[in-house]
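One structure is given below, encoded as structure tokens.
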Amino acid sequence: MSLQIQSDVSLKPYNTFGVDVRARLFAQAHTDGDVREALAYAAQHQLQLMVVGGGSNLLLTHDIDALVLRMASRGIRITHEDCGTAVVEAEAGEPWHPFVQQMLARGLAGLENLSLIPGTVGAAPMQNIGAYGVEVKDVFHSLTALDRQTGELREFSLDECAFGYRDSVFKHQTGRWLILRVRFKLSFAATLHLEYGPVRQRLQEQGITEPTPMHVSRAICAIRGEKLPDPAVLGNAGSFFKNPVVPAALAQRIRDLHPGLVAYAQPDGQMKLAAGWLIEQAGWKGFREGDAGVHALQSLVLVNYGSASGLELLNLARRIQADILERFGVVLEMEPNLY
Ligand code: EPU
């Protein structure tokens with residue numbers, strides 16, 4: 001038995017909001033064997049098993065009466081390589097940004113736009129993390145997950161993951177699949193994604209005319225660093241709301257009243273609205289009540305100034321949702337998983 005199970009553990013260090021709730025039991029899984037042990041222990045003691053990665057997409061609103069299992073498995077290997085490409089496999093517990101950096105240092109491109117996203121490799125496919133014109137689905141090869149119902153291993157191809165905007169099959173079958181390792185299709189010859197204006201602009205300002213993936217990564221780290229708070233300094237879970245996709249007619253009605261509306265046409269004719277813009281227009285940017293607030297530089301991010309509870313953060317989120325619905329007729333969906 002290698003799994004160390006502790007009781008009554010504060011989860012403050014294990015969620016980037018820094019919310020202080022307690023877990024009845026807590027353990028860290030370093031191997032597949034640990035994961036199986038945790039599942040067996042939970043079944044034997046009739047406990048729920050709650051799996052967490054980096055805790056960066058999580059809002060905890062109460063003590064957790066379960067065995068909380070933190071994925072801490074490590075390991076990165078190239079499983080296939082031919083002329084220009086490589087398939088790289090990483091264990092679920094690998095921290096995301098260091099993994100991205102390691103790939104770039106090895107000359108492997110594809111993940112640069114996803115630099116500095118908090119969280120772990122195993123959590124990345126869950127909500128198909130994305131930034132600056134690239135989503136995990138664009139570099140995804142396959143993954144191995146454990147079926148918690150049968151104990152069997154299952155491989156998922158790109159199609160089987162049913163990736164969408166911050167969405168995947170794993171989000172819909174909550175509690176069924178436990179992602180153990182993920183494979184990415186990376187390239188030694190870079191095809192850069194510079195569609196996103198601020199990235200191009202930042203490179204231009206630096207006089208970089210022939211950017212490398214490393215240049216793009218540095219530019220993105222700088223842009224993120226300016227707008228998004230570092231969870232080590234100020235508790236947060238990145239974007240708290242998804243950018244809502246609405247019928248074009250609704251977007252037009254809003255634009256008639258608010259000509260500055262930021263909206264992007266979708267392939268299906270609908271419009272994706274910048275939720276941060278809506279929230280800022282509604283006057284919430286920089287709002288603070290107690291220790292729960294809306295980030296002063298990016299209204300899509302809720303922050304914990306110190307000792308906000310999960311419920312205080314949730315109440316703030318609900319007030320924002322109600323206000324945006326009333327003002328604009330738009331439903332804002334929360335991005336983090338709620339417990
Ligand atoms: N905006 C405002 N006010 C604000 C925030 C944004 O007017 O307070 C406007 C900006 O001026 C810009 C537009 O809204 O015109 C979009 O803002 P930004 O480029 O910052 O991106 P975002 O829509 O706020 C999304 C992702 C981020 C990702 C960035 C960059 C979602 C929910 N969020 O944010 O992802 O880093 O694009 O690609 O899709 C995350 O999911 O945790 C996350 C940080």
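Quick note: residue numbers are just sequence positions, from 1. First listed ligand is number 1; within each ligand, the first listed atom is number 1.
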Exercise. Is ligand 1 less than 4.0 angstrom away from at least one heavy atom of Arg166?
Worked result: yes

Contact atoms of ligand 1, heavy-atom distance to [X] under 4.0 Å:
X	answer
Lys227	18 (P), 19 (O), 20 (O)
Gly238	42 (O)
Lys285	8 (O)
Glu280	2 (C), 3 (N), 4 (C), 7 (O), 8 (O)
Tyr165	31 (C), 32 (C), 39 (O)
Asn243	23 (O), 31 (C), 32 (C), 39 (O)

Exercise check, heavy-atom protein proximity under 4.0 Å to [atom]:
atom	answer
atom 18 (P) of ligand 1	yes
atom 6 (C) of ligand 1	yes
atom 11 (O) of ligand 1	no
atom 29 (C) of ligand 1	no

Looking only at protein heavy atoms, which one is nearest to [atom], and how far off is it?
atom	result
atom 1 (N) of ligand 1	Trp277 N, 3.7 Å
atom 15 (O) of ligand 1	Val262 CG1, 3.6 Å
atom 38 (O) of ligand 1	Tyr132 N, 2.6 Å
atom 24 (O) of ligand 1	Gln298 NE2, 3.0 Å
atom 8 (O) of ligand 1	Ser299 OG, 2.4 Å
atom 37 (O) of ligand 1	Tyr196 OH, 4.8 Å
atom 14 (O) of ligand 1	Ala274 CB, 3.2 Å
atom 40 (C) of ligand 1	Ser239 OG, 3.2 Å

Exercise. Less than 4.0 Å between a side-chain N and a carboxylate O, is that true for Glu333 and Arg166?
Worked result: no

Problem set entry | CD (Glu205) with more than 12 external heavy atoms under 6.0 Å | yes

Exercise. If you draw a 6.0 Å radius around NZ in Lys272, do more than 12 non-hydrogen atoms from other residues or ligands fall strictly inside?
Worked result: yes

Exercise. Of the options Lys242, Gln127, Lys137, His172, which is the one that meets Asp167 in a side-chain hydrogen bond (donor to acceptor under 3.5 Å, both in side chains)?
Worked result: His172

Taking atom types as modelled and ignoring hydrogens, do the side chains of [X] and [Y] form a donor-acceptor contact shorter than 3.5 angstrom?
X	Y	value
Ser168	Asn128	no
Ser142	Arg183	yes
Asp268	Gln266	no
Asp34	Ser2	yes
Gln101	Ser217	yes

For this session: Check each heavy atom of Tyr264 against ligand 1 and say whether those closer than 4.0 Å belong to the side chain, the backbone, both or neither.
Result: side chain

For this session: For ligand 1, indicate whether the residue Phe241 contacts it via side chain, backbone, both or neither (heavy-atom separation under 4.0 Å).
Result: backbone

For this session: Give yes if a backbone or side-chain nitrogen or oxygen of Arg224 is under 3.5 Å from a nitrogen or oxygen of ligand 1, and no if not.
Result: yes

Problem set entry | Whether Thr61 side chain and Tyr339 backbone form a donor-acceptor pair below 3.5 Å | yes

Exercise. Mind checking whether Trp277 and Tyr264 have ring centres under 6.0 Å apart?
Worked result: no

Problem set entry | Aromatic plane relationship, Tyr41 with His45 - under 30° parallel, 30 to 60° tilted, over 60° perpendicular | parallel

For this session: Please lay out, stage by stage, how Arg288 and Val303 fare under the test side-chain contact (heavy atoms from CB on, under 4.5 Å).
Result: CA-CA 9 Å; Arg288 176 173 177 173; Val303 291; over 6 Å; no

